[in-house]
There are 2 protein chains.
Amino acid sequence: MKKTETRIQKKNHSAIKSAGLKVFAQFGFRGSTLDQIAAESGLSKPNILYYFSSKEAIYEALLAQLLTDWLQPVRDIDPAGDPVEEILKYAKHKLKMSRLYPRESRLYATEIIQGAPRIKSVLTGELRDVVENLALLINHWADSGLIRAVDPYHLIFSIWAMTQHYADFDVQVKAILGEKDHFEDAEHYLEDMLRRMLTV
Amino acid sequence: MKKTETRIQKKNHSAIKSAGLKVFAQFGFRGSTLDQIAAESGLSKPNILYYFSSKEAIYEALLAQLLTDWLQPVRDIDPAGDPVEEILKYAKHKLKMSRLYPRESRLYATEIIQGAPRIKSVLTGELRDVVENLALLINHWADSGLIRAVDPYHLIFSIWAMTQHYADFDVQVKAILGEKDHFEDAEHYLEDMLRRMLTV
DNA sequence: TAAGAATTTGACCAACTGGTCAAACTAACG
DNA sequence: CGTTAGTTTGACCAGTTGGTCAAATTCTTA
């Protein structure tokens, strides 16, 4: 039942979302204007509203996409794999997302900081379930003696915090470390930390 | 040369800053309105502008205060103290700030995420210097064999990221862990992590 | 308690906001 | 090529925004 988009629709939908991401990630929902998105996308304001019914619709389309991309890698953790390597794989994946898609990370961060008014139900629903399952798996691994016993929730939080930090606080990191790429060192540190935490 | 504030000035300056903190921390600078701050503080909009020359002036007063409070505990680290305990003391202090002053943390986070347009010079100046000194100290401790050799910058980032996470991502943490206080567990996890990282 | 200083406010303004709409324009396709 | 569906826009609107200002009110202090 999915209407096929025309060539122009495809192009403009994506141009608007791309511009919206740039603007919303920097100013948050209320701080962003349709005029900014219009300027950034190269389309006129009425034209933007021809493709999305409102400013809010653009924002929500971005959030929806984001949440999917966010949750998938958690689900991809293999209960049958090597525990330390699986957690490390996940952490490195998140770090890579911070490097490649810092704006997505910032958009998510501003939404959460503002109290997550539009996605609270996802947080207490899908996200919570996914995290709970992962926590159970980590506890199971610990019980089996495959990793050291740690609080699974705070382990997950620490991975999120550390990886997203490099996207969200990018200017601060760069102010301190300079402009050269610091992700390699970050990955090394993260790996070292997780191995120390998880190795028996 | 500091003009002494009248009783009313003292009261209203602080009421405005308190209201401004609440509003700015949630919506960012551009997303916040003077009307919101007026409503929150119980003062009229023109009255607010009698005490602060502009919306921006309120925001900047808050940021200035924040940066001072932020940097002091780094300076308080004692080079003559026990390295692991000093770092732990600092990390716990930061975590306590996240618990007691989450709005300050969120205000800072939104400013940084938005590219730190008004405090970039502080980041590349004062903050950078303070962090550089701390990094030198940590390296010195490592050279003396008092702690394990770790990248001092990423160590600092990991402390910032993990502690501020509990303030900035509060709704997400609560969505996953429920409403009960989780700071005790967080502190235990943080201490465990740092000891593992730093102990030779 | 009266004068002067400090405080508060209602009315107002120009710029900007998200959004509408009819008309004009362009692409696609038989 | 002509018709129609899809696209784009200029003009416009009502509500909100940060900020001003003169007048009114309240405090302080001699």
Side-chain angles (χ1 to χ4, degrees), chain A residues 1-64 107 110-111 114 117-118, chain B residues 1-64 107 110-111 114 117-118:
Chain A
M1 234 24 222
K2 184 74 171 300
K3 281 271 189 60
T4 43
E5 286 187 314
T6 68
R7 174 181 60 87
I8 296 175
Q9 278 166 357
K10 207 175 292 182
K11 187 190 64 174
N12 286 348
H13 272 136
S14 114
I16 292 167
K17 281 197 276 187
S18 166
L21 175 63
K22 217 168 191 168
V23 175
F24 285 134
Q26 191 172 143
F27 301 108
F29 178 73
R30 289 190 37 178
S32 302
T33 71
L34 282 175
D35 285 315
Q36 285 176 288
I37 298 172
E40 185 67 40
S41 67
L43 301 176
S44 68
K45 190 167 66 172
N47 203 12
I48 283 181
L49 291 165
Y50 173 71
Y51 290 101
F52 286 88
S53 60
S54 66
K55 176 184 164 186
E56 184 129 12
I58 306 172
Y59 188 75
E60 276 169 4
L62 287 168
L63 270 186
L107 177 70
T110 59
E111 172 68 13
Q114 295 180 6
R118 309 153 219 267
Chain B
M1 235 22 220
K2 184 75 170 298
K3 282 274 187 60
T4 44
E5 286 187 313
T6 68
R7 172 182 60 88
I8 296 175
Q9 278 166 357
K10 206 175 294 181
K11 187 190 62 174
N12 286 348
H13 273 135
S14 113
I16 292 167
K17 282 197 275 187
S18 165
L21 176 62
K22 218 167 191 167
V23 175
F24 285 133
Q26 191 172 138
F27 302 108
F29 178 72
R30 291 192 33 182
S32 303
T33 72
L34 282 175
D35 285 316
Q36 285 176 288
I37 298 172
E40 185 68 41
S41 67
L43 301 177
S44 67
K45 189 167 66 171
N47 204 10
I48 283 182
L49 290 165
Y50 173 71
Y51 289 100
F52 287 88
S53 59
S54 66
K55 175 184 165 186
E56 184 130 13
I58 305 172
Y59 188 75
E60 276 169 3
L62 287 169
L63 271 185
L107 178 70
T110 59
E111 173 68 12
Q114 295 181 6
R118 307 151 222 270

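Here is the naming used below: chain letters follow the sequence lines, and residue numbers restart at 1 for every chain.
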For residues B:Lys55 and B:Leu49, report the shortest heavy-atom separation together with the two atoms involved.
N-CD2, 4.4 Å
Any residue meeting side-chain contact (heavy atoms from CB on, under 4.5 Å) with B:Ala57, in chain and number order, not counting sequence neighbours
B:Phe52, B:Ser53, B:Ser54
Do any N or O atoms of the protein come closer than 3.5 Å to N or O atoms of nucleotides 27-30 of chain C, and which pairs are they?
| from | atom 1 | to | atom 2 | distance (Å) |
| --- | --- | --- | --- | --- |
| C:dA27 | O3' | A:Arg7 | NH2 | 3.4 |
| C:dA28 | OP1 | A:Arg7 | NE | 3.4 |
| C:dA28 | OP1 | A:Arg7 | NH2 | 3.2 |

So, OP1 or OP2 of C:dA6: does either fall under 4.0 Å of a side-chain N or O from B:Gln9?
no
Nearest-nucleotide 5' precedence on DNA chain C, B:Arg30 against B:Lys11:
B:Lys11
Please list, by residue number, the residues of residues 52-62 of chain A whose heavy atoms come closer than 4.0 Å to an atom of DNA chain C; answer none if no residue qualifies.
A:Ser54, A:Lys55
Does A:Glu56 have any side-chain hydrogen bond (donor to acceptor under 3.5 Å, both in side chains) partners at least two apart in sequence or in another chain, and if so, which?
A:Arg118
Round to a whole Å and report the spacing from OH of A:Tyr51 to C1' of C:dG19.
18 Å
Shortest non-hydrogen contact from A:Gln114 to A:Gly28?
NE2-CA, 4.1 Å
Roughly how far apart are B:Ile16 CD1 and B:Lys11 NZ, rounded to 0.5 Å?
10.5 Å
Selection from D:dT7, D:dG19, C:dT7 that lies nearest to any side-chain heavy atom of B:Leu34
D:dG19
Detail all sub-3.5 Å separations between protein N/O atoms and N/O atoms belonging to nucleotides 9-11 of chain D.
| from | atom 1 | to | atom 2 | distance (Å) |
| --- | --- | --- | --- | --- |
| D:dT9 | OP2 | A:Ser44 | OG | 3.1 |

Find which nucleotide of DNA chain D each of B:Thr6 and B:Asp35 is nearest to by heavy atoms, and output the residue with the more 5' nucleotide.
B:Asp35
Summary of side chain to side chain donor-acceptor pair (under 3.5 Å) pairs that have at least one residue in residues 37-48 of chain B, sequence neighbours excluded:
B:Lys22-B:Glu40
Any side-chain heavy atom of A:Phe24 within less than 4.5 Å of one from A:Ile37?
yes
